[in-house]
Amino acid sequence: QVQPVESGGGSVQPGDSLLLSCSSSELIDSNTCFGWYRQAPGKEREGLASIFKRDGTISYADSVKDRFTITQDPAKNTLYLHMNDLRPEDTAKYSCAAARDLRRSCPLAVVPYLTYRGQGTQVTVSS
């Protein structure tokens, strides 16, 4: 598989919204588990949202629940992260990830370590 590519990051003010996209030729078609994670300087990777394709289960981290939404467009093999009410603590590099060998679930804890990961896109939230 080709490494996925993220886009949509940028510098915004608190309360603003951003839409991140992640695409590759087989991202949705060939994988069972995909999601988004972030890493801020000096911090551990944090799984934010995931989709388990087999049963459609969607999971969110408490830190972003009710503010971020993960969606997919299988026709475009594209994964999205809709981010609302952004806060300074959301500043980080955001990356997408996918894997084809998870057959029972797609836990948030494993999203940052899935087989296919993009280079990431920077999101900076400041006033």
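Two residues are said to be in side-chain contact when any heavy atoms from C-beta on lie closer than 4.5 Å; Y80 and L20 fail this criterion. Within the 4.5 Å cutoff, side-chain heavy atoms of R67 are placed close to those of R87. Counting heavy atoms from C-beta outward, M83 and D16 have side chains that stay 4.5 Å or more apart. The closest side-chain heavy-atom distance from Y37 to E46 is not below 4.5 Å. Looking only at side-chain heavy atoms (C-beta outward), T69 and T71 come within less than 4.5 Å of each other. Counting only heavy atoms from C-beta outward, the side chains of V123 and R38 never approach each other to under 4.5 Å. Within the 4.5 Å cutoff, no side-chain heavy atoms of Q39 are placed close to those of Y94. Taking 4.5 Å as the limit, every side-chain heavy atom of L114 sits out of range of all side-chain heavy atoms of F34.
Tracing side-chain contacts under 4.5 Å through hydrophobic residues (I, L, V, M, F, W, Y), one reaches W36 starting from I51; they form part of the same cluster. I58 and I28 fall within the same hydrophobic cluster, defined by Ile, Leu, Val, Met, Phe, Trp and Tyr side-chain heavy atoms under 4.5 Å apart, directly or through other members. L48 and L19 are assigned to two separate hydrophobic clusters, defined by single-linkage of ILVMFWY side chains at heavy-atom distances under 4.5 Å. Under a hydrophobic clustering in which Ile, Leu, Val, Met, Phe, Trp and Tyr are joined whenever their side-chain heavy atoms come within less than 4.5 Å, directly or via other members, Y116 and F52 fall into different clusters.
Using modelled atom types, no side-chain atom of N77 and backbone atom of S23 make a donor-acceptor pair closer than 3.5 Å. The main-chain N or O of G120 is found under 3.5 Å from a side-chain atom of E6 such that the two form a donor-acceptor pair. Side-chain N or O atoms of Q13 include none that pairs as donor or acceptor with a backbone N or O of V125 at under 3.5 Å. Here the side chain of K43 pairs no donor or acceptor atom with the backbone of A92 at under 3.5 angstrom. With S59 contributing its side chain and A49 its backbone, the two residues share no donor-acceptor pair below 3.5 Å.
Taken to the nearest 0.5 Å, the CD atom of Q119 stands 10.5 Å off from the SG atom of C96. Between the CG atom of L86 and the OG atom of S11 there is a distance of 11.5 Å, given to the nearest 0.5 Å. Annotation: the span from C22 atom SG to L79 atom CG amounts to 5.5 Å, rounded to 0.5 Å. Once rounded to the nearest 0.5 Å, the distance linking CG of D29 with CZ of R100 reads 10.5 Å. The distance from the CG atom of L81 to the CZ atom of F68 is 6.0 Å, given to the nearest 0.5 Å. The NZ atom of K76 lies 9.0 Å from the OG atom of S21; values are rounded to the nearest 0.5 Å.
In this structure, G35 and I70 approach most closely via the heavy-atom pair CA-CD1, 4.0 Å. A97 and V111 make their closest contact through CB-O, 3.3 Å (heavy atoms, listed as atom of the first residue, atom of the second, distance). Minimum interatomic distance between A61 and G47 (heavy atoms only, all atoms of both residues): CB-O, 3.5 Å. Of all the heavy atoms in S17 and D85, the pair that sits closest is OG-N, 4.3 Å. The two atoms that bring C33 and L102 nearest to each other are SG-CD2, 3.9 Å, heavy atoms only.
Crowding of D55 atom CG: a count of heavy atoms from other residues, nucleotides or ligands under 6.0 Å exceeding 12. The number of heavy-atom neighbours closer than 6.0 Å to CD of Q3, taken from other residues, nucleotides and ligands shown, is above 12. Heavy atoms of other residues, nucleotides or ligands lying less than 6.0 angstrom from CD of E44 number 12 at most. A 6.0 Å sphere centred on NZ of K93 holds no more than 12 heavy atoms belonging to other residues, nucleotides or ligands.
With respect to the salt-bridge test (charged N to carboxylate O, under 4.0 angstrom), the residues R103 and D101 do not qualify.
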Kindly determine whether L27 and Q72 satisfy side chain to side chain contact (heavy atoms under 4.5 Å, CB included), including the steps that lead there. CA-CA 10 Å; L27 182 66; Q72 57 174 310; over 6 Å; no
Checking D73 against T78 for the side chain to side chain donor-acceptor pair (under 3.5 Å) test, could you report, in this order, the C-alpha distance in whole Å, the side-chain angles of both residues, the deciding distance, and whether it holds? CA-CA 5 Å; D73 185 340; T78 300; over 6 Å; no
